Asker: 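I'd like to ask you about the structure that follows.
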Amino acid sequence: MTVVAEGTGAFLAPDPDAHRRYIRDHKEKGLVSKVMSEHEAIERFVEDGDYVAYDCNLWVRGPAALMREIIRQKKRELWIAAKFTAHDATMLVAAGCVNRIDVGWMEVGRVITEAQLEGRVELHEWSNGAMTYRLLAGSLGLPFLPLRYLGGTDVFNTSGTKLIDDPYSGKPICVVPALNPDVGLVHVNQCDEFGNARVFGAGISPVETAMAAKKVILSTEEIIDSDELRRHPQQTRIPYYAVDAVVHAPFGGYPGTVPGLYKADIEHLMESGAAQMQGKMDEYLEKWVFSVSSHEEMLGTHVGQEKLDVLKAEETIKEGYYE
Amino acid sequence: MTVVAEGTGAFLAPDPDAHRRYIRDHKEKGLVSKVMSEHEAIERFVEDGDYVAYDCNLWVRGPAALMREIIRQKKRELWIAAKFTAHDATMLVAAGCVNRIDVGWMEVGRVITEAQLEGRVELHEWSNGAMTYRLLAGSLGLPFLPLRYLGGTDVFNTSGTKLIDDPYSGKPICVVPALNPDVGLVHVNQCDEFGNARVFGAGISPVETAMAAKKVILSTEEIIDSDELRRHPQQTRIPYYAVDAVVHAPFGGYPGTVPGLYKADIEHLMESGAAQMQGKMDEYLEKWVFSVSSHEEMLGTHVGQEKLDVLKAEETIKEGYYE
Amino acid sequence: MTETRTFTDMEQIITTSSRLMDGDKLYFTAIGGPPLVAVLLAKRLRAPELAYIVEDGTIAPQVSLPAPPFLIAASGASYRAAAWADMNTVSFHAGLGYIDYGVLAAVQVDEYGNFNSTFVGPAYERPARRFGGPGGANEIASLCWRTILMTRQQGRKFVKKLDFMSSPGFLDGSAGARERAGLPADTGPWRVVTEMAVFDFDEETRRIRLKALAPWATVDDVIAEMEFEPMIGPSLESIEVPSEEELSVLRAEVDTTGRTVRGCWITVELDGENARLVEQETSAEGA
Amino acid sequence: MTETRTFTDMEQIITTSSRLMDGDKLYFTAIGGPPLVAVLLAKRLRAPELAYIVEDGTIAPQVSLPAPPFLIAASGASYRAAAWADMNTVSFHAGLGYIDYGVLAAVQVDEYGNFNSTFVGPAYERPARRFGGPGGANEIASLCWRTILMTRQQGRKFVKKLDFMSSPGFLDGSAGARERAGLPADTGPWRVVTEMAVFDFDEETRRIRLKALAPWATVDDVIAEMEFEPMIGPSLESIEVPSEEELSVLRAEVDTTGRTVRGCWITVELDGENARLVEQETSAEGA
């Protein structure tokens with residue numbers, strides 16, 4: 001196989017056969033309940049050093065409650081897929097959980113820049129599309145996929161992209177390595193106790209993120225009866241056998257929105273932005289993560305039912321999601 | 001690019017850039033109505049010598065009315081993707097429309113066998129999965145995709161599959177050429193006049209078939225209002241800009257079933273099987289295709305409202321499709 | 001106290017295969033025929049939770065029995081599935097290693113478990129008899145961890161050399177042959193089930209090996225219906241003939257039209273664990 | 001009869017860009033910022049049927065105006081779309097050649113239309129200022145037929161050498177450079193829009209070329225705000241300043257919080273087709 005050119009960046013090396021063996025040996029094929037607390041899910045399925053992909057981000061249907069639990073449990077040396085992510089990456093870096101980031105797009109401020117300059121975090125440049133595409137490759141069980149971008153740019157040079165000759169036409173084409181993260185975190189609208197999951201609305205890559213990952217944790221706004229779920233099989237986008245943990249987390253996307261259900265809490269997003277500007281991320285994390293023992297407690301103590309009701313009431317568009 | 005081994009079969013060569021130019025120059029990006037008769041759709045968009053892919057088959061949600069129109073218009077020298085197809089291939093061969101078939105699985109009887117022995121039709125062996133996968137590659141805009149089967153078998157030897165070294169691991173892996181058919185035929189449950197389409201139920205590859213093709217003809221059980229369609233954007237699986245023609249064809253899948261709407265006409269399927277056994281395909285085609293000028297006339301003359309009502313009434317499962 | 005029981009060769013193949021299936025494993029079957037019937041039988045009688053995937057994209061359906069007559073084209077086949085997807089999606093799940101067993105029927109099988117569903121005859125362009133093609137079998141036999149093959153015990157089916165290798169077994173039987181061809185590691189044929197026998201494969205040579213025998217058949221009976229000699233396992237197990245319950249469920253609930261279970265009739269006289277062949281129909285048509 | 005009009009540099013960039021857009025073309029934008037605002041403005045004022053695709057998988061939405069305040073995280077952004085898909089799917093549509101124009105913002109642009117949205121500073125590991133990253137720009141600039149780039153007219157933005165090439169223009173400008181890098185044929189940057197100028201690219205050399213000028217600016221004004229000298233087109237067109245209607249729609253309906261349109265204020269005195277610069281705010285903060 002002649003490689004015409006290749007980037008020099010570090011990347012999580014694909015190994016489809018090793019991934020297959022993991023799936024064979026660890027996945028539950030029978031219908032068993034996977035409902036557990038966020039604490040148990042993160043404790044059991046996220047280890048220091050893991051590669052973590054999450055979909056989508058703190059703004060829209062992101063697994064925000066799960067990410068706060070990762071911080072609360074002080075996971076370390078994570079490598080994250082920052083495809084289309086907001087201040088999630090900042091929080092994880094500020095909390096010292098992350099030391100490598102594959103970048104598609106993320107909100108960057110002084111927290112990440114300082115961490116990079118001080119050598120506490122290493123960045124690897126890709127793009128949003130390239131990262132979701134690498135997850136797609138991982139979700140197809142392949143070692144790589146050809147793609148028709150990245151070529152010619154510095155992203156090519158500093159990433160794990162290669163340029164080969166198309167075996168059919170002989171013309172040059174790029175390939176990127178599949179990504180099979182150790183952990184996939186997806187926040188969903190509804191799922192049953194086994195993990196059959198529905199996701200409503202346009203989305204980044206909820207399916208690829210779940211299907212490519214070794215360990216899959218879903219947080220869900222609602223756990224619905226499996227018989228009811230089976231009345232609409234086309235709505236199931238993630239099948240139960242891919243799922244290791246189901247965490248019941250109403251407002252699990254807070255402070256982001258779950259379209260059709262509640263609006264983003266813009267006030268909170270501003271508070272987080274200001275915390276970074278003022279160098280007060282520690283205080284922010286203390287308040288929103290460490291001072292409480294759970295997502296539920298955070299909602300009760302720091303958000304309050306009144307605000308939750310407002311966020312719900314203000315999301316007037318239900319069409320296409322819940323009607 | 002070192003190719004370790006390769007099959008020797010003929011295949012429609014992929015050329016993503018030529019496909020892109022076709023799309024740029026011929027596709028309508030604005031919202032214009034594409035509703036037309038089956039006669040006009042087939043006359044304008046199917047040419048002699050075209051490669052035609054259709055999804056799925058005469059048994060389940062197949063574009064049966066469109067295929068009969070192809071026969072009625074005596075299209076010639078077509079090359080078809082016989083992935084998961086029933087007696088459609090037999091009908092097309094009996095009518096002299098087809099001289100090349102890429103085989104996944106098809107119902108084979110004396111019509112196809114005799115045509116093959118007499119040199120009127122050439123078969124190329126793939127598999128159901130490989131054909132839908134080649135369409136997937138075509139629908140991703142790629143020249144090829146790696147895949148982890150076909151290798152080692154006679155399908156590899158007699159097809160356009162190649163064995164290369166994975167550029168990441170160096171391990172052997174097969175690749176197959178993308179398929180961008182000239183024509184994609186898909187029967188859908190509902191679409192708007194622009195071609196935004198909904199397909200209900202498990203399916204073979206309705207989306208890949210449409211997105212990979214140069215020219216896309218939809219037949220549809222129902223044309224629905226575009227504003228209504230936009231109330232449930234997640235149900236749209238084929239976007240309007242890929243579609244060239246929308247043919248309103250209630251019972252367009254007859255004699256097959258459209259799950260949730262009407263049952264297959266088993267009596268008809270038996271009649272077609274018997275016609276082949278008895279060497280009477282000409283009579284079968286005369287009755288069901290040539291003696292009428294349209295799908296609508298065929299339904300009225302040869303099926304009858306009473307039977308149509310029965311086929312509808314007997315499809316008692318609506319769940320997941322229409323409720 | 002003896003009892004006489006009559007069943008078709010295919011009914012024996014289906015019941016034997018269904019008994020190999022467990023509720024906590026995941027199966028991949030073609031859309032119809034003996035493999036699907038075997039899965040439905042296992043689900044109905046022994047493993048109601050058993051989940052299977054069909055190449056048309058149906059994931060873990062709950063077919064309500066009695067099954068509709070033309071299941072291959074009936075909405076009942078995907079009733080109350082966990083998910084409705086498409087052909088590519090389910091093969092990706094197999095490619096990822098989620099699917100434990102593929103269940104398939106074959107026209108010809110060779111000693112390494114490679115099989116043919118394309119044609120028999122002198123050459124690809126000149127078939128004596130042409131069949132439907134590889135269908136979904138190539139991908140199922142490549143991507144699932146283990147493959148269960150169902151076929152009749154006939155010399156023309158167990159051949160020294162396939163007329164066409166539609167789908168892979170252990171290829172030439174050499175170590176790593178599948179991996180060198182690009183297939184996923186550690187996969188391959190696991191059992192071949194006929195009306196007379198169950199075969200497995202020798203771990204070292206990858207050659208087919210007789211593992212179990214119908215109580216009314218001998219090793220010689222089996223070998224007489226093969227073009228090559230299989231290895232013989234260290235201790236041959238006995239296959240039970242279909243029980244009254246299995247036959248009744250098969251005929252009355254799973255395959256009500258008899259399209260799949262039809263074949264050559266076998267009549268045995270049962271006496272405890274022993275069975276004596278009373279009559280075995282031989283018919284080209286039953287193949 | 002003269003009239004005084006005041007608008008931000010970004011409002012000029014957005015209105016100029018929006019006037020390049022047609023209702024029978026398909027556009028691909030990042031999820032927010034100036035490109036999306038320009039598309040919404042075109043849709044509201046001139047081309048209600050204009051369809052666009054967003055990298056989050058939204059296909060041809062009908063955002064009802066006034067737009068919600070934080071559109072990037074509001075269900076209003078995908079309201080009444082033709083389809084809700086995902087990020088991979090929409091980039092496949094671009095890869096297939098369906099998308100005519102990509103609309104993007106850039107931190108730095110070079111003379112071949114390559115651009116940077118990753119960092120400025122001495123080295124990747126040591127950014128002076130780090131930005132969000134390529135985002136969806138690399139794929140949009142590679143796969144759409146033509147790219148419209150939006151940026152401010154400043155020397156630090158039009159640079160001889162990018163600190164990092166996040167996304168491709170014509171690369172080194174040589175014939176076939178994009179194709180040799182694996183990108184689809186016949187694609188590339190089409191216009192670069194600033195508050196003072198519109199650039200296109202010379203067909204032969206692929207170098208950026210001044211095509212149109214704001215009525216209150218001169219060629220020298222433009223060149224003074226670039227590190228390199230652009231080619232000058234054969235006949236320079238005049239850019240119209242934002243109309244009262246455009247500004248009113250922008251401010252009251254499209255970007256009601258002013259998050260996107262804010263920037264340095266420009267005040268001009270209009271007299272027929274002529275415009276005289278009254279005041280131009282210069283502010284590092286506005287960049």
Side-chain angles (χ1 to χ4, degrees), chain A residues 56 59-60 82-84 86 103-108 112-113 116-117 119 122-123 125-130 132-133 135-136 146-158 163 171-174 200-208 256-257 259-260 263-264 266 269 315 317 319-321, chain D residues 30-31 54-59 61 68-70 72-81 83-88 91 95 114 116-119 124-127 129-143 162 164-168 171-172 177-184:
Chain A
C56 144
W59 288 342
V60 181
K83 57 179 169 72
F84 210 76
V103 184
W105 184 88
M106 62 179 171
E107 209 177 51
V108 177
I112 288 177
T113 305
Q116 190 187 13
L117 291 172
E122 200 176 284
L123 270 52
E125 210 74 1
W126 293 87
S127 79
N128 286 338
T132 54
Y133 196 67
L135 287 168
L136 177 70
L147 92 170
R148 305 205 68 196
Y149 52 94
L150 297 190
T153 63
D154 284 330
V155 176
F156 179 92
N157 299 328
T158 60
L163 187 73
K171 291 179 187 167
I173 188 163
C174 288
F200 301 148
I204 302 303
S205 52
V207 179
E208 296 92 321
T257 176
K263 282 218 177 286
I266 295 176
L269 297 180
E315 178 59 326
I317 296 179
E319 204 180 281
Y321 305 101
Chain D
I31 203 170
V54 186
E55 55 175 334
D56 73 350
T58 301
I59 295 176
F70 197 54
I72 200 168
S75 51
S78 50
Y79 188 58
R80 298 231 165 158
W84 287 340
D86 51 41
M87 180 172 275
N88 279 313
S91 80
N114 305 301
N116 178 9
S117 47
T118 293
F119 77 96
Y124 184 77
E125 298 76 15
R126 282 172 291 120
R129 190 168 170 201
R130 165 80 214 193
F131 300 95
N138 191 299
E139 45 270 30
I140 293 174
S142 299
L143 302 176
L162 299 174
F164 190 86
M165 193 201 296
S166 311
S167 302
L171 302 176
D172 66 4
R178 284 171 67 97
E179 289 79 356
R180 280 195 305 281
L183 312 186

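Here is how names work: the chains are called A, B, and so on, in the same order as the sequence lines, proteins then strands, and each is numbered from 1. Nothing here was measured: the structure is a model prediction, and the numbers come from that model.
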Asker: Contact part of D/S167 toward chain A, heavy-atom cut-off under 4.5 Å: side chain, backbone, both or neither?
Answerer: backbone
Asker: By a 4.5 Å heavy-atom criterion (distance strictly below it), what part of D/Y124 contacts chain A: side chain, backbone, both, or neither?
Answerer: both
Asker: Measuring heavy-atom distances to chain D, does A/E122 have an atom under 4.5 Å in its side chain, in its backbone, in both, or in neither?
Answerer: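 No part of it gets close to chain D.
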Asker: When rounded to the nearest 0.5 angstrom, what is the spacing between CZ in D/R126 and CD in A/Q116?
Answerer: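 Those atoms lie 10.5 Å apart.
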Asker: Heavy-atom distance under 4.5 Å to chain A: side chain of D/F131, backbone, both or neither?
Answerer: backbone
Asker: Under 4.5 Å between any side-chain heavy atoms of D/D86 and A/S205, yes or no?
Answerer: no
Asker: Quick check on A/F84 against chain D: is it the side chain, the backbone, both or neither that has a heavy atom closer than 4.5 Å?
Answerer: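 It is the side chain, since no backbone atom gets that close.
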Asker: Which heavy atom of A/G152 sits nearest to which heavy atom of D/M165, and what is that distance?
Answerer: O-SD, 3.7 Å
Asker: Check each atom of D/D56 against the heavy atoms of chain A and say whether the ones under 4.5 Å are side chain, backbone, both or neither.
Answerer: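 Both backbone and side chain of D/D56 come within 4.5 Å of chain A.
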Asker: Are any non-hydrogen side-chain atoms of A/T257 and D/F70 less than 4.5 angstrom apart?
Answerer: no
Asker: At what distance, to the nearest 0.5 angstrom, does CD1 of A/I112 lie from CZ of D/R130?
Answerer: 8.5 Å
Asker: Calculate, to the nearest 0.5 Å, the distance between atoms CD and CG belonging to D/E125 and A/L117 respectively.
Answerer: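 So the CD of D/E125 and the CG of A/L117 are separated by 10.5 Å.
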Asker: Heavy-atom distances under 4.5 Å only: say whether A/S127 touches chain D with side chain, backbone, both or neither.
Answerer: both
Asker: Can you say whether A/L163 sits under 4.5 Å from chain D via the side chain, the backbone, both, or neither, judging by heavy atoms?
Answerer: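 For A/L163, the side chain is the part near chain D, not the backbone.
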Asker: Nearest 0.5 Å please: distance from the CD1 atom of A/I204 over to the CE atom of D/M87.
Answerer: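 If we round to the nearest 0.5 Å, A/I204:CD1 and D/M87:CE are 4.0 Å apart.
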Asker: Check A/R148 against D/S142 and note the closest heavy-atom contact, atom names and distance.
Answerer: O-CB, 4.0 Å
Asker: Among D/T58, D/L162, D/I59, D/T118, single out the residue with the greatest number of heavy-atom pairs under 4.5 Å to chain A.
Answerer: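 Option with the greatest count: D/T118.
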Asker: Who among D/G133, D/S75, D/G136 has the most heavy-atom pairs with chain A under 4.5 Å?
Answerer: D/S75
Asker: Under a 3.5 Å distance rule, please check whether D/N114 uses its side chain to pair with a backbone N or O of A/T153 as donor and acceptor.
Answerer: no
Asker: Nearest 0.5 Å, please: how far is OH in A/Y321 from OG in D/S78?
Answerer: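 Those atoms lie 3.5 Å apart.
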Asker: How long is the straight-line distance from CG of D/N138 back to CH2 of A/W126, given to the nearest 0.5 Å?
Answerer: 11.5 Å
Asker: Under a 4.5 Å heavy-atom cutoff, which of D/A141, D/A73, D/G132, D/P68 has the most pairs with chain A?
Answerer: D/G132
Asker: Could you tell me if the side chain of A/N128 sits less than 4.5 Å from the side chain of D/E139, heavy atoms only?
Answerer: yes
Asker: With a 4.5 angstrom heavy-atom cut-off, which part of D/I72 approaches chain A: side chain, backbone, both or neither?
Answerer: both
Asker: In terms of heavy-atom proximity below 4.5 Å to chain D, should A/L123 be classed as side chain, backbone, both, or neither?
Answerer: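 Both parts, backbone and side chain.
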Asker: Please look at D/L171 and chain A and tell me whether the side chain, the backbone, both or neither of the residue comes under 4.5 angstrom of a heavy atom of that chain.
Answerer: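 Just its side chain gets close to chain A.
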Asker: Looking only at heavy atoms, which two atoms of A/C174 and D/A181 are closest? And how far apart?
Answerer: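 Where A/C174 meets D/A181 most closely, the heavy atoms are SG-O, 3.7 Å.
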Asker: For A/A130, which atoms come within 4.5 Å of any heavy atom of chain D: side chain, backbone, both, or neither?
Answerer: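 For A/A130, the contact with chain D is made by the backbone alone.
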Asker: I want to check something: taking the side chain as every heavy atom from C-beta on, are D/F164 and A/V155 in contact at a cut-off of under 4.5 Å?
Answerer: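 D/F164 vs A/V155: side chains touch.
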Asker: Out of A/G201, A/P259, A/A82, which one racks up the most heavy-atom pairs below 4.5 Å with chain D?
Answerer: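 That would be A/G201.
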Asker: Chain D heavy atoms under 4.5 Å from A/E107: which part of the residue, side chain, backbone, both or neither?
Answerer: neither
Asker: Between D/A30, D/P69, D/A85, which shows the greatest number of heavy-atom pairs under 4.5 Å with chain A?
Answerer: D/A85
Asker: Between D/S91 and A/Y133, is there a side-chain heavy-atom distance shorter than 4.5 Å?
Answerer: no
